[in-house]
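Below is one structure, written out as structure tokens; the observations come after it.
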Amino acid sequence: MLEISITIAYFIISLALLLSFVRLVIGPSLPDRVVALEMIATITIGYIAVYTLSSGKTAFLDVAMVLALTAFLAAVGFARLVTKGGGAHVD
């Protein structure tokens, strides 16, 4: 039962990753693309979590935490850029 759930989780995560990548490519604005990048980082963290669950290797959770911290810092940096007026550019 757990293997079926993991397979379904991989499928859903892959679909979400694909849709986020489409959003990243078509934009249309810079904030949309940044949000898509944040989604891709979050989805990757979920992918790592599911892999950790399926493999039993807990060392990958450290990688997920570092990726989450990096994504958070990028979001804070982008929010700071937008508040200073640098992110209002539309393609």
Enumerate, atom names and distances included, each donor-acceptor pair closer than 3.5 Å involving a side-chain atom of residues 36-49, sequence neighbours excluded.
unit_1, atom_1, unit_2, atom_2, d
Thr42, OG1, Glu38, O, 2.9
Thr44, OG1, Ile40, O, 2.7

Under 3.5 Å, side-chain donor or acceptor atoms of residues 4-13 against the rest of the protein: list the pairs with distances, not counting sequence neighbours.
unit_1, atom_1, unit_2, atom_2, d
Ser5, OG, Met1, O, 3.1
Thr7, OG1, Glu3, O, 2.8
Tyr10, OH, Ser54, OG, 3.4

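- The CG atom of Leu53 sits 5.5 Å away from the CG atom of Leu2 when rounded to the nearest 0.5 Å.
- If you chain together ILVMFWY residues whose side-chain heavy atoms come under 4.5 Å of each other, Leu73 ends up grouped with Leu69, Phe72, Val76.
- Scanning for ring pair (Phe, Tyr, Trp, His ring centres under 6.0 Å) contacts around Phe60 gives Tyr51, with sequence neighbours left out.
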Output side-chain donor-acceptor pairs under 3.5 Å for residues 15-23, partner residues at least two apart or in another chain, one line each.
unit_1, atom_1, unit_2, atom_2, d
Ser20, OG, Ala16, O, 2.9
Arg23, NH1, Gly27, O, 2.9

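- Contact detail for Thr52 and Lys57: the closest heavy-atom pair is CG2-O, 3.3 Å.
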